[in-house]
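First up is the structure itself, then whatever we jot down about it.
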Amino acid sequence: MEFEATFGTDAPVIGMVHLPPLPGAPKAPDDGAAAMRNALDRAAADARALDRGGVDGIMVENFGDAPFYPDDAPKHVVASVTRAATEIGSATDLPLGINVLRNDAEAALSVAAAVGADYVRVNVHTGARVTDQGVVQGKAHETLRLRDRLGVDAGVFADTDVKHSAPLSAEGYTAESFADTAERGLADAVIASGRGTGEAMDSEALDEVVADRDAHGLDTPVLVGSGVRADTVGDVLSVADGAIVGTALKEGGETTAPVDPERVAELVARADEVR
């Protein structure tokens, strides 16, 4: 994918659509049809609110499905995410990304191929991480080959030091450096984030990620994937190449609340001051 051409800017603000619990999830209503209808209505409403607020792209994920399957979401989850992504595509023409939690890159790419999405997020693309789902391993070798087989041009946005996890390392080395993710894993963009959902990334840590990118002579975009707010987005975009924003765009700053278009517009206006 062409990063700047996809978003129409070299520093995009990507807004999150956090799906409520899908049918079959522990927190979903017992009535599966009601759960699906609720997810579709919420997905469309949040997408329209993000669009009105002026974001450059949307990322949808099955956030309400906790506890998540580690790396092989069942068929009913994939079907539900596909249907929700279709609903979003009907509500807005913004570039769309897919993330199937916790780390099902095959499912994300399959959904992207079915709905014509522009990019996918892969939480663990290279190396391995200790998570609340156990040890999750990157499968870059499978993901990139599947993309070729499906014939899709969806970008792979891969996390480094992904939130809600810790690295598996030996003598200070972890097989998840920027170079491993971008140069050997062939990620189209790398996402750096804080320790958890809605938690800001330390500015020094962000500087280190960008410095690592530059030291290897790479031009892979760096996105900040958590904790970006209206009062910090300018500082973030002065260093990073984009931001994925969820919690700060919700009513009352609550991650699971509906998107607040006024919050979106405020954050986008602050971003426009530096890009």
Side-chain angles (χ1 to χ4, degrees), residues 1-18 42-43 45-61 63 88 91-97 99 118-119 121 155 157 159-163 188-211 213-214 219-275:
M1 68 171 291
E2 293 292 334
F3 186 79
E4 185 172 352
T6 295
F7 297 106
T9 174
D10 60 357
V13 173
I14 299 171
M16 286 299 308
V17 171
H18 293 116
R42 178 65 174 277
D46 281 355
R48 286 191 291 266
L50 289 168
D51 197 347
R52 289 199 304 273
V55 300
D56 306 295
I58 289 175
M59 180 84 73
V60 59
E61 68 181 18
F63 184 81
I88 292 169
T92 174
D93 292 328
L94 287 170
L96 177 61
N99 186 20
D118 302 277
Y119 48 99
R121 182 174 185 172
F157 293 5
D159 284 85
T160 182
D161 195 23
V162 69
K163 56 191 174 184
D188 298 288
V190 171
I191 302 169
S193 60
R195 302 311 306 165
T197 300
E199 295 186 21
M201 184 178 189
D202 181 79
S203 60
E204 292 183 2
L206 176 57
D207 289 340
E208 289 176 4
V209 172
V210 173
R213 186 265 309 273
D214 296 343
D219 58 4
T220 309
V222 174
L223 305 172
V224 173
S226 73
V228 179
R229 308 185 308 271
D231 61 337
T232 63
V233 67
D235 291 337
V236 168
L237 294 183
S238 69
V239 179
D241 304 295
I244 301 172
V245 191
T247 300
L249 305 182
K250 304 299 188 68
E251 294 177 0
E254 295 291 335
T255 306
T256 56
V259 170
D260 182 344
E262 293 184 2
R263 280 177 167 259
V264 181
E266 179 186 4
L267 187 142
V268 170
R270 297 284 190 91
D272 286 341
E273 293 175 0
V274 299
R275 56 179 183 165

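Just the heavy atoms: all of them, side chains too, but no hydrogens, waters or symmetry mates, feed the values below.
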With a cut-off of 3.5 Å and sequence neighbours excluded, list every side-chain donor-acceptor pair involving residues 233-243.
from: Ser238; atom 1: OG; to: Asp235; atom 2: O; distance (Å): 2.5
from: Asp241; atom 1: OD2; to: Arg213; atom 2: NH1; distance (Å): 3.3
from: Asp241; atom 1: OD2; to: Val222; atom 2: N; distance (Å): 2.8

Side-chain donor-acceptor distances from residues 6-14 under 3.5 Å, at least two apart:
from: Thr6; atom 1: OG1; to: Glu2; atom 2: O; distance (Å): 2.8
from: Thr9; atom 1: OG1; to: Ala11; atom 2: N; distance (Å): 3.2

Minimum heavy-atom distance between [X] and [Y], given as atom pair plus value:
X      : Y      : result
Val17  : Ala43  : CG1-CA, 4.0 Å
His18  : Lys250 : ND1-NZ, 2.8 Å
Met16  : Ile244 : SD-CG2, 3.6 Å
Leu249 : Val264 : CD2-CA, 3.8 Å

Under the salt bridge (charged side-chain N to carboxylate O under 4.0 Å, His left out) rule, collect the residues that match up with Asp56, sequence neighbours excluded.
->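 Listed in chain order: Arg275.
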
Result block: side-chain N/O donor-acceptor pairs under 3.5 angstrom for residues 45-54, not counting sequence neighbours:
from: Asp46; atom 1: OD1; to: Val259; atom 2: N; distance (Å): 3.0
from: Asp46; atom 1: OD2; to: Arg42; atom 2: NE; distance (Å): 3.1
from: Asp51; atom 1: OD2; to: Thr92; atom 2: OG1; distance (Å): 2.7

Answer yes or no: is there a donor N or O on one side and an acceptor on the other, between the side chain of Arg270 and the main chain of Ala230, under 3.5 Å?
->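 Answer holds: yes.
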
State whether the side chain of Thr160 and the backbone N or O of Ala192 hold a donor-acceptor pair below 3.5 Å, judged by distance alone.
->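 Flag not set: sc Thr160 to bb Ala192 has no pair under 3.5 Å.
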
Any salt bridge (Lys or Arg N to Asp or Glu O under 4.0 Å) pairs touching residues 221-233, not counting sequence neighbours?
->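 For residues 221-233: Arg229-Asp231.
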
Among all residues two or more places apart in sequence or in another chain, which pass the side-chain hydrogen bond (donor to acceptor under 3.5 Å, both in side chains) test with Thr256?
->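 By the side-chain hydrogen bond (donor to acceptor under 3.5 Å, both in side chains) rule, Thr256 matches no residue at all.
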
